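Here the structure is a predicted model, which is why all the values come from computation and not from measurement.
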Amino acid sequence: AALVLLLLLLLAPQVDPQVVLGGSSVGLSQTTLLSLVHQLSSGLHNDANTPLKLAWLAEAAPVVDPHDPVTAPHLKVVLTGVMSSLKVLVSSLPQNDVMAKKGKITLHLFNSLLHQ
């Protein structure tokens, strides 16, 4: 898992998340998307990679399909972990910090997926 995250962090800065995830057609399967979200949220803490991780997580949240038959059984477990990581990050930062605000917004995006 650590190797996958390391590779992801090497590749992610080279691609704009809005290009990959923001179009009318997302080129990733729901399985890959949920895995991406899971990997990006692991070890989420305030470091040099945090803005990149939050940008990708914020773009990924709206395209996760909570009704996908393959990923739906795993959605609650994965998103609960994602939200837990985001809560820890947000609580570790000053309230008016830019990362804290982005983290809160991203947290709300994932929370809304659990209630669909």
- Which atoms form the tightest heavy-atom contact between Ala60 and Val37, and what is the distance? CB-CG2, 3.7 Å

- Just by distance, do the side chain of Asp47 and the backbone of Thr50 share a donor-acceptor pair under 3.5 Å? yes

Mind listing the side-chain donor-acceptor pairs of residues 26-33 below 3.5 Å, one per line with the distance, residues two or more places apart or on another chain?
| from | atom 1 | to | atom 2 | distance (Å) |
| --- | --- | --- | --- | --- |
| Ser29 | OG | Thr32 | N | 3.1 |
| Ser29 | OG | Thr32 | OG1 | 2.9 |
| Gln30 | OE1 | Asp65 | N | 2.7 |
| Gln30 | NE2 | Val63 | O | 3.0 |

- Query: What is the minimum heavy-atom distance between Val15 and Trp56, and which atoms define it?
  - Reply: O-CZ2, 3.5 Å

- Note on the structure: Here the gap from Thr106 atom OG1 to Glu59 atom CD, rounded to the nearest 0.5 Å, amounts to 9.5 Å

- Message: What's the separation between atom CG in Leu21 and atom CG in Leu36, rounded to the nearest 0.5 Å?
- Response: 7.0 Å

- Item | CZ on Phe110 to CG on Leu75, rounded to 0.5 Å | 9.5 Å

- Is it true that Leu93 and Ile105 fall in one hydrophobic cluster, defined by side-chain heavy atoms closer than 4.5 Å? no

- Contact check, side chains of Lys104 and Gln95, non-hydrogen atoms, under 4.5 Å: yes

- Message: So, taking the atom named CD in Gln39 and the one named CG in Leu57, what distance separates them when rounded to the nearest 0.5 Å?
- Response: 11.0 Å

- Message: Let me confirm one number: the NZ-CG distance from Lys76 to Leu113, rounded to the nearest 0.5 Å.
- Response: 14.0 Å

- Message: Do Leu89 and Leu54 make a side-chain contact, defined as non-hydrogen atoms from C-beta onward lying under 4.5 Å apart?
- Response: yes

- Message: Are the side chains of Lys87 and Leu107 in contact, using a 4.5 Å heavy-atom criterion?
- Response: yes

- In short, Pro66 meets Ala72 closest at the heavy-atom pair O-CB, 3.5 Å

- Quick one: closest heavy-atom pair of Val90 and Ala100, and the distance? CG2-O, 3.8 Å

- Item | Connected via hydrophobic side-chain network under 4.5 Å: Val78 and Val88 | no

- Message: Taking the side chain as everything from C-beta on, heavy atoms only, tell me whether Met99 gets closer than 4.5 Å to Pro51.
- Response: yes

- Message: Between Leu40 and Met83, is there shared hydrophobic-cluster membership here, with clusters defined by ILVMFWY side-chain heavy atoms closer than 4.5 Å?
- Response: yes

- Gap separating the CG atom of Leu79 from the OG atom of Ser84, nearest 0.5 angstrom: 12.0 Å

- Message: Taking Leu44's backbone N and O only, do any of them form a donor-acceptor pair with Ser85's side chain (distance below 3.5 Å, no angle check)?
- Response: no

- Task: Determine, using the 4.5 Å side-chain heavy-atom cutoff (strictly less than), whether Leu109 and Leu114 are members of one ILVMFWY cluster.
- Result: no

